[in-house]
Amino acid sequence: MPDTYIQSPPDFGYGRRDPAAGLNDVEAAITTRRSIRAFLRDKPVPRGLIERILNVSARAPSGTNIQPWHVVAVAGDVRDEVCAAIHEKRDGGGGQEMGYNYYPVEWFEPYVSRRRKLGWDMYGLLDIKKGEREKTYKQHGRNFDFFDAPVGLFFHMDGRMERGSFLDIGLFIENVMVAARSHGLDTCPQAAWVDYSETIKSCLGIPENHIVLCGMCLGYEDTSAPVNALYSEREPASFFTDWQGFDSG
């Protein structure tokens with residue numbers, strides 16, 4: 001496993017090491033959003049604040065204003081019960097219950113390299129070496145404890161909707177993460193929950209014909225956790241944008 005993991009913030013552009021330096025409030029909230037993988041379990045998030053974040057996030061655009069998003073927010077005993085149900089299913093060798101393919105069946109470049117690098121970087125911080133399957137399994141299982149976040153969110157939609165609704169809900173989910181950052185909260189969107197969609201729907205009373213799109217941790221970062229030193233890299237606009245009809249410079 002390459003020793004390439006990140007222990008300090010990368011260059012966020014123009015020589016900035018502080019992701020919020022020189023940015024306005026919206027830009028700072030977007031840029032400081034990271035997928036946090038260790039939270040403070042004993043620092044609760046008030047329901048009123050979560051509701052405020054969701055109300056603000058619901059200003060996300062959607063095709064002809066259909067607003068296809070649905071959310072289940074869990075805390076306390078309900079949070080613990082759904083976590084326990086997934087662990088029991090997973091540790092008991094139960095099969096996966098995917099409602100849709102989040103990732104491609106066969107990986108290809110440049111996406112496979114980006115995915116592998118993130119894994120190497122994260123496991124490097126956790127001192128998990130290639131081939132240490134038990135440690136890898138245990139760390140992956142942390143998803144199903146919401147990485148100790150006190151609040152979990154599940155996003156779902158009516159399965160009769162089409163691909164445009166995935167886009168709409170993606171915009172809504174991004175709003176949730178950015179709005180959370182504006183209040184000093186941290187998040188981690190999680191595709192891992194999709195593997196146990198039917199169990200989640202059963203535990204939380206989500207309609208059978210709905211698709212569980214992802215889960216999300218919500219809480220406050222544990223700044224002492226080594227894994228939270230991870231800063232995933234991003235390609236610059238010059239890499240992914242085809243500029244046509246603009247003056248140079």
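Since this is a predicted model, take the numbers as computed values, not measurements.
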What do the steps show when you test Phe144 against Cys83 for side chain to side chain contact (heavy atoms under 4.5 Å, CB included), and what is the final call? CA-CA 5 Å; Phe144 308 114; Cys83 289; 5.6 Å; no
Worked verdict on Ser232 versus Arg234 for side-chain hydrogen bond (donor to acceptor under 3.5 Å, both in side chains): CA-CA 7 Å; Ser232 56; Arg234 295 295 188 273; 2.8 Å; yes
Does the side chain to side chain contact (heavy atoms under 4.5 Å, CB included) test come out yes or no for Val71 and Phe172, once each step is laid out? CA-CA 11 Å; Val71 183; Phe172 171 74; 3.6 Å; yes
For side chain to side chain contact (heavy atoms under 4.5 Å, CB included), just list the numbers for Ile211 and Val194, CA-CA rounded to whole Å, side-chain angles, deciding distance to a tenth of an Å, and then say yes or no. CA-CA 9 Å; Ile211 300 172; Val194 175; over 6 Å; no
Check against side chain to side chain contact (heavy atoms under 4.5 Å, CB included), Asp158 and Asn209: CA-CA 6 Å; Asp158 192 311; Asn209 70 330; 3.6 Å; yes
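Connection of Leu125 to Ile128 is established within a shared hydrophobic cluster, with ILVMFWY side chains joined at heavy-atom distances below 4.5 Å, either directly or through further cluster members. Hydrophobic clustering of Ile, Leu, Val, Met, Phe, Trp and Tyr side chains at less than 4.5 Å, counting indirect connections, unites Ile86 with Val78. Ile206 and Phe155 fall into different hydrophobic clusters, where Ile, Leu, Val, Met, Phe, Trp and Tyr residues are linked whenever their side-chain heavy atoms come under 4.5 Å apart, directly or through other members. In the hydrophobic cluster analysis, where Ile, Leu, Val, Met, Phe, Trp and Tyr join through side-chain heavy atoms closer than 4.5 angstrom, Val74 is grouped apart from Leu213. Follow the hydrophobic side-chain contacts under 4.5 Å out from Val82 and you reach Val72 in the same cluster.
Between Asp186 and Arg181, at least one side-chain N (NZ, or NE/NH1/NH2) sits under 4.0 Å from a carboxylate O, which counts as a salt bridge. Salt bridge Lys138/Asp91: absent, no basic N to carboxylate O contact under 4.0 Å.
Under the 3.5 Å distance criterion, the side-chain polar atoms of Glu27 are matched with a main-chain donor or acceptor of Asn24. For the pair Glu132 (side chain) and Lys129 (backbone), a donor-acceptor distance under 3.5 Å is present. Here the side chain of Thr241 pairs no donor or acceptor atom with the backbone of Ser238 at under 3.5 angstrom. A donor-acceptor pair under 3.5 Å is absent between the side-chain atoms of Ser35 and the main chain of Cys188, judged by distance alone. With hydrogens and angles disregarded, no donor-acceptor distance shorter than 3.5 Å links the side chain of Ser202 to the backbone of Thr199. The backbone N or O of Phe147 lies less than 3.5 Å from no partner atom in the side chain of Asp145, so there is not a single donor-acceptor pair.
Residues Ala38 and Val227 share a closest heavy-atom pair of CB-CG1, 4.1 Å. The two residues Val45 and Pro150 have their closest heavy-atom pair at CG2-CG, 4.2 Å. Summarising the geometry of Met157 relative to Pro68, their closest heavy-atom pair is CB-O, 3.7 Å, with the distance given to 0.1 Å. Nearest approach of Gly215 to Phe154, heavy atoms of both residues: CA-CD2, 4.0 Å. In terms of heavy-atom proximity, Met216 sits nearest to Ile173 at CE-CG2, 3.5 Å. Annotation for Ala229 and Arg34: closest pair C-NH1, 4.4 Å, computed over non-hydrogen atoms.
Counting only N and O atoms by type, the side chains of Ser113 and Glu109 include a donor and acceptor under 3.5 Å apart. Side-chain atoms of His210 and His156 include a donor-acceptor pair closer than 3.5 Å.
Few gaps surround OH on Tyr100; more than 12 heavy atoms of other groups in view lie less than 6.0 Å from it. Other residues, nucleotides and ligands contribute at most 12 non-hydrogen atoms within 6.0 Å of the CG atom of Asp77. Summarising the local packing, CG of Asn55 is surrounded by more than 12 heavy atoms from other residues, nucleotides or ligands at distances under 6.0 Å. Heavy-atom neighbours of Asp42 CG from other residues, nucleotides or ligands within 6.0 Å: at or below the threshold of 12. A 6.0 Å sphere centred on CD of Glu134 holds no more than 12 heavy atoms belonging to other residues, nucleotides or ligands.
Two residues are said to be in side-chain contact when any heavy atoms from C-beta on lie closer than 4.5 Å; Val151 and Arg79 fail this criterion. For the pair Phe108 and Tyr111, the minimum side-chain heavy-atom distance is below 4.5 Å. In this structure, the side chains of Gln190 and Arg37 stay at 4.5 Å or more apart for every pair of heavy atoms. For the pair Ile66 and Ser165, the minimum side-chain heavy-atom distance is below 4.5 Å. Residues Glu208 and Glu198 meet the side-chain proximity criterion, which asks for heavy atoms closer than 4.5 Å. The side-chain heavy atoms of Trp69 and Ser57, taken from C-beta on, include no pair separated by under 4.5 Å. Here the side chains of Arg114 and Glu233 are not in contact, with every heavy-atom distance at 4.5 Å or above. Within the 4.5 Å cutoff, no side-chain heavy atoms of Asn175 are placed close to those of Val56.
The NZ atom of Lys43 lies 11.0 Å from the CD atom of Glu221; values are rounded to the nearest 0.5 Å. Atom NE2 in His87 sits 9.0 Å away from atom CG in Asn143 (nearest 0.5 Å). Taking OG1 of Thr187 as the reference point, atom CG of Leu153 lies at 9.0 Å (rounded to 0.5 Å). The line from CH2 of Trp120 to NZ of Lys130 is 7.0 Å long, rounded to the nearest 0.5 Å. One finds the CG atom of Leu118 at 5.5 Å from the CG atom of Leu230 (value rounded to the nearest 0.5 Å). Here the straight-line distance linking atom CG of Leu185 with atom CG of Leu49 works out to 5.5 Å at 0.5 Å rounding.
Cation-pi contact between Arg115 and Tyr103: present, with separation from the ring centre below 6.0 Å and deviation from the ring axis of at most 45°. Cation-pi geometry between Lys89 and Tyr196 is not satisfied (NZ or CZ under 6.0 Å from the ring centre, within 45° of the ring normal). In this structure, Arg90 satisfies the cation-pi test against Tyr137, with its NZ or CZ atom closer than 6.0 Å to the six-membered ring centre and inside 45 degrees of the ring normal.
Between Trp193 and Phe146, the distance separating the two ring centers is shorter than 6.0 angstrom.
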